[in-house]
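The structure appears below as structure tokens.
When a ligand or atom number is given, it counts from 1 through the structure's own listing order. Computed from a predicted structure; not experimentally measured. Just the heavy atoms: all of them, side chains too, but no hydrogens, waters or symmetry mates, feed the values below.
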Amino acid sequence: MSITIKSKSELAIMREAGKITANAIWYAGERLKAGMSTLDVDKLIGSYYAKHGCKSCFKGLYGFPANACISVNDEVIHGIPKSNRRLEEGDIVSIDTGASYKGFNGDSCWTFPVGKISDEAKALLEVTEQSLYEGIAQAQVGSRVGDISHAVEVYCASRGYGIVRNYCGHGIGREVHESPEIPNWGRAGHGARLVAGMTICIEPMINAKGDDVKVMKDGWTVKTVSGSLSAHFEHAIAITPDGPVILTQP
Ligand code: MG
Ligand code: MG
């Protein structure tokens, strides 16, 4: 899949898709509480989309069975919502989803606390979220993908966190996953040149300890090898002459 450039009217649709996506994530994220199952969380996302006349673009993507990936604690990404996976006070929960709207897609992820969380968890969430903004700041016309990657890597690695290297961000548009890949590590000044009208997802997946991850027996859920907590923050953004514009703003 090649890099696609969006027109002004296409960007306006993507802004709508992004807004619905972000609002669905926050609708569910603000309702998390101990005792809920991850399938309950998925149902909140599904009902939000239905109310807004759209569908999840995750459902069926590569055979994924749900509206959202719900990943808890040491689960990094691609957690399958389950009726017997109950949330507990102190958990951190990543909600990753996208709305399919008028032929275009949103894609965003946010990691939420369940009740009161440890200082270690709080620090991980703060660093991961800020690393996303460090990456977004580099998403300028004329810069390169490696400038984004390097900014995320330096911010997290210098604070002692692990960077997930097996998965990365991506272009987005009519397809959920388009070119180019946006890794969370790399060399500044290298990679594809960013041009106006490109839309990309930047999505740091950061572990409290160690880079390594493994896929569970369900074939989807990815966990940290160390057993440490992991956080995931993602925005879809547009590259514009006026700087990066976040499409997945609630
Ligand atoms: Mg995502
Ligand atoms: Mg993504």
Side-chain angles (χ1 to χ4, degrees), residues 1 3-4 6 14-15 17-29 38 41-42 44-46 48-49 54-72 75-81 92-101 104-112 125 128-129 131-133 135-136 139 145 148-149 152 163-186 192 198-206 213 215 220-222 230-239 244 246-250:
M1 179 97 213
I3 293 173
T4 59
K6 283 79 178 180
M14 287 196 66
R15 175 71 186 95
K19 192 195 270 183
I20 297 167
T21 299
N23 285 340
I25 289 171
W26 281 89
Y27 176 74
T38 54
V41 181
D42 189 76
L44 289 175
I45 298 282
Y48 190 91
Y49 286 151
C54 61
K55 284 185 177 161
S56 166
C57 61
F58 279 33
K59 203 162 196 171
L61 186 66
Y62 314 120
F64 189 76
N67 297 304
C69 301
I70 317 278
S71 307
V72 183
E75 296 169 356
V76 180
I77 50 167
H78 301 166
I80 296 182
I92 58 170
V93 182
S94 299
I95 303 176
D96 188 357
T97 187
S100 168
Y101 178 78
F104 286 87
N105 296 290
D107 185 8
S108 181
C109 181
W110 220 254
T111 305
F112 294 91
L125 298 194
T128 308
E129 182 181 354
S131 77
L132 169 59
Y133 294 116
I136 290 172
V145 167
I148 298 171
S149 306
V152 172
I163 294 147
V164 175
R165 292 162 195 270
N166 306 34
Y167 302 91
C168 54
H170 50 89
I172 184 168
R174 291 186 183 277
E175 304 291 330
V176 181
H177 293 142
E178 299 185 355
S179 287
E181 289 194 334
I182 315 287
N184 294 308
W185 79 100
M198 276 173 78
T199 47
I200 57 172
C201 288
I202 303 174
E203 49 179 313
M205 292 156 253
I206 303 300
V213 297
V215 180
W220 282 103
T221 310
V222 175
S230 187
H232 182 197
F233 288 81
E234 173 181 22
H235 271 314
I237 62 145
I239 311 290
I246 296 176
L247 299 168
T248 43
Q249 199 83 64

**OP:** Check whether any N, O or S atom of E203, backbone or side chain, sits closer than 2.8 Å to the Mg ion (ligand 1).
**Re:** no
Subject >> S56 side chain to N67 backbone, donor-acceptor under 3.5 Å >> reply: yes
Original post:
Does T111 use its side chain to pair, donor to acceptor, with the backbone of H232 at less than 3.5 Å?
Top reply: yes
Original post:
Does the gap between the ring centers of H177 and Y62 come in under 6.0 Å?
Top reply: yes
Original post:
Do you see an N/O/S atom of C109, backbone or side chain, under 2.8 Å from the Mg ion (ligand 2)?
Top reply: no
Original post:
Is it the case that more than 12 heavy atoms not belonging to E181 sit under 6.0 Å from its CD atom?
Top reply: no
Original post:
What N/O/S atom of D107 gets nearest to the Mg ion (ligand 1)?
Top reply: OD1
**OP:** To the nearest 10 degrees, calculate the angle at the Mg ion (ligand 1) involving OE1 of E234 and OD1 of D96.
**Re:** 110°
